[in-house]
Peer 1: 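Mind looking over this structure? Questions follow.
Just so you know, these numbers come straight off a predicted model, no measurement behind them.
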Amino acid sequence: MRTEEQILHDKINLPRLLKCLEQSIQDSDWSKTNPPNRETWIKAQGTLQQIRHARLLLKNIEVDNLDPTPAEERRYQHFRTTLKHLEEYMRQVEHQLTPPVRRPTPLLPSIRPPPPKPAPAAEPTSPPVEATLLPAETTPSSESPPSIPDVQHLLPPDPVAVSLSPASGPSRTATPAPPGALALPAASTITATPTILQNSRARYEELSEQLAVMATQLRRNATHFSLSLEQDKSIVVTMQEKVEGNFEFMKRERLRLRDFEGRAGARQCLVIMSVVVVLIAFMIMVFIIRLTR
């Protein structure tokens, strides 16, 4: 529901707005803009927006005035006719000044295609390492090598081992491996396991410390944020109380001003009537004095 003050503002602003629109459209020379200028087109768009605003004001005034007089009806009809002519003229101007649509330059043709990926090189095939760990053939010699555990139970069968069969002759037999060769991989894994565990434990402790620090900082931030909200809430409540107090004060002053305006008008009428009565009495007394002479 609109207030009386808003209705009064609309009634005052509508004629002013129509007068300003007519004057601005007459003062602007829309025919000299050749070729069409974008600034002139934007100005025409703004004028059309003002015309739409004037139509909205006229609609609000007609809705609020439920029982208009014939003079008001003629006035509203004049406003509607004026707005219609102005809008038709500005539509034509806008159609003439509309700049042509330009499509942007496409970016896809300017982008270089990605270079072709090189084909993966074939990896050279190498014999498996397990072939060097196979036992050699037993050759008759004066010194027998020390006894070593059987590797065939630990390794899967390999085609390289088949090529090292006794049928190939003594010239193709593999050289016997030293006794400590088979024990190297196991020793390396045994010594590497505590180092990995120590590194993992150190990293775990470092991550735990960082998480603890982050949790502490998050708790501090939450506490600070809650305190800030409480302070802001108190300020908002205080401002709300002040605004409500100002609103109540303004309402009382408005009623008081209205009563004072009514009393002042009555007093002014009383003073004027008193002056008129005194003048009339003075003229009558003068007339009577002249007649009695």
Side-chain angles (χ1 to χ4, degrees), residues 1-34 36-99 239-280:
M1 187 66 182
R2 287 156 49 86
T3 60
E4 296 181 358
E5 186 177 358
Q6 292 177 349
I7 297 172
L8 182 61
H9 284 177
D10 292 345
K11 289 182 180 180
I12 295 174
N13 291 333
L14 181 59
R16 292 180 179 178
L17 182 59
L18 282 176
K19 186 175 180 181
C20 291
L21 285 173
E22 291 177 352
Q23 186 175 1
S24 63
I25 292 174
Q26 290 176 2
D27 293 343
S28 300
D29 193 359
W30 308 98
S31 61
K32 292 184 179 181
T33 56
N34 193 13
N37 191 2
R38 186 173 181 85
E39 295 181 359
T40 312
W41 177 68
I42 294 174
K43 184 179 179 181
Q45 290 284 336
T47 306
L48 285 174
Q49 185 66 28
Q50 292 179 357
I51 293 173
R52 284 192 287 269
H53 180 63
R55 282 187 179 276
L56 180 61
L57 292 179
L58 178 59
K59 182 179 178 182
N60 292 335
I61 293 173
E62 290 178 348
V63 170
D64 294 327
N65 193 0
L66 299 178
D67 191 11
T69 60
E72 291 177 345
E73 284 288 347
R74 290 192 297 271
R75 189 181 182 189
Y76 296 159
Q77 184 63 32
H78 173 67
F79 287 160
R80 282 194 292 269
T81 306
T82 305
L83 287 172
K84 182 179 179 182
H85 292 328
L86 293 178
E87 188 174 8
E88 289 178 355
Y89 178 74
M90 290 309 301
R91 290 290 181 189
Q92 295 177 1
V93 172
E94 182 195 12
H95 182 69
Q96 294 176 0
L97 297 177
T98 302
M239 293 301 296
Q240 184 178 2
E241 293 176 356
K242 290 182 179 180
V243 170
E244 290 178 355
N246 292 336
F247 179 70
E248 295 294 334
F249 178 74
M250 293 300 294
K251 285 176 64 176
R252 291 194 300 268
E253 291 297 325
R254 179 173 174 271
L255 296 175
R256 183 180 174 186
L257 182 62
R258 185 182 62 186
D259 298 339
F260 177 76
E261 184 180 0
R263 289 195 299 267
R267 290 175 182 175
Q268 187 176 4
C269 292
L270 181 61
V271 170
I272 293 173
M273 292 297 295
S274 301
V275 171
V276 171
V277 169
V278 169
L279 289 176
I280 293 173

Peer 1: As an exercise, state the distance from CE of Met90 to CD of Gln50, rounded to the nearest 0.5 Å.
Peer 2: 9.5 Å

Peer 1: To the closest 0.5 Å, what do you measure between NZ (Lys19) and OG1 (Thr82)?
Peer 2: 13.5 Å

Peer 1: Mark yes when over 12 heavy atoms from residues, nucleotides or ligands other than Glu248 sit less than 6.0 Å from its CD; otherwise mark no.
Peer 2: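 Above 12, so yes.
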
Peer 1: Can you measure from CG (Leu83) to CG (Leu18) and round to the nearest 0.5 angstrom?
Peer 2: 5.0 Å

Peer 1: Supply the atom-to-atom distance Ile7 CD1 to Asp64 CG, rounded to the nearest 0.5 angstrom.
Peer 2: 3.5 Å

Peer 1: Does any pair with a residue in residues 256-271 pass salt bridge (charged side-chain N to carboxylate O under 4.0 Å, His left out), and if so which ones, sequence neighbours excluded?
Peer 2: Glu253-Arg256

Peer 1: Can you find a pair of side-chain heavy atoms, one from Leu17 and one from Leu21, that are under 4.5 Å apart?
Peer 2: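 Yes; the side chains approach each other to less than 4.5 Å.
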
Peer 1: Assess whether a salt bridge exists between Glu87 and Lys84, defined as any Lys/Arg side-chain N lying under 4.0 Å from an Asp/Glu carboxylate O.
Peer 2: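 Not counted as a salt bridge, because no side-chain N and carboxylate O are separated by less than 4.0 Å.
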
Peer 1: Do Arg91 and Glu94 pass the salt bridge (Lys or Arg N to Asp or Glu O under 4.0 Å) test, and can you show the C-alpha distance, the side-chain angles, and the key distance before you say yes or no?
Peer 2: CA-CA 5 Å; Arg91 290 290 181 189; Glu94 182 195 12; 3.6 Å; yes

Peer 1: Measuring from His9:NE2 to Leu57:CG, what's the distance to the nearest 0.5 Å?
Peer 2: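 Taking NE2 in His9 and CG in Leu57, the distance rounds to 12.0 Å.
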
Peer 1: Could you tell me whether Arg75 atom CZ has more than 12 heavy atoms of other residues or ligands within 6.0 Å of it?
Peer 2: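 For Arg75, atom CZ is not crowded (no more than 12 foreign heavy atoms under 6.0 Å).
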
Peer 1: State the CD-CD1 distance between Gln6 and Ile61, to the nearest 0.5 angstrom.
Peer 2: 12.5 Å

Peer 1: Which residues satisfy the salt bridge (charged side-chain N to carboxylate O under 4.0 Å, His left out) test with Arg52, sequence neighbours excluded?
Peer 2: none

Peer 1: For Gln77 and Arg80, what are the C-alpha separation, side-chain angles and deciding distance, and is it a side chain to side chain donor-acceptor pair (under 3.5 Å)?
Peer 2: CA-CA 5 Å; Gln77 184 63 32; Arg80 282 194 292 269; 2.8 Å; yes

Peer 1: Is the CD atom of Glu4 crowded by more than 12 outside heavy atoms at less than 6.0 Å?
Peer 2: no

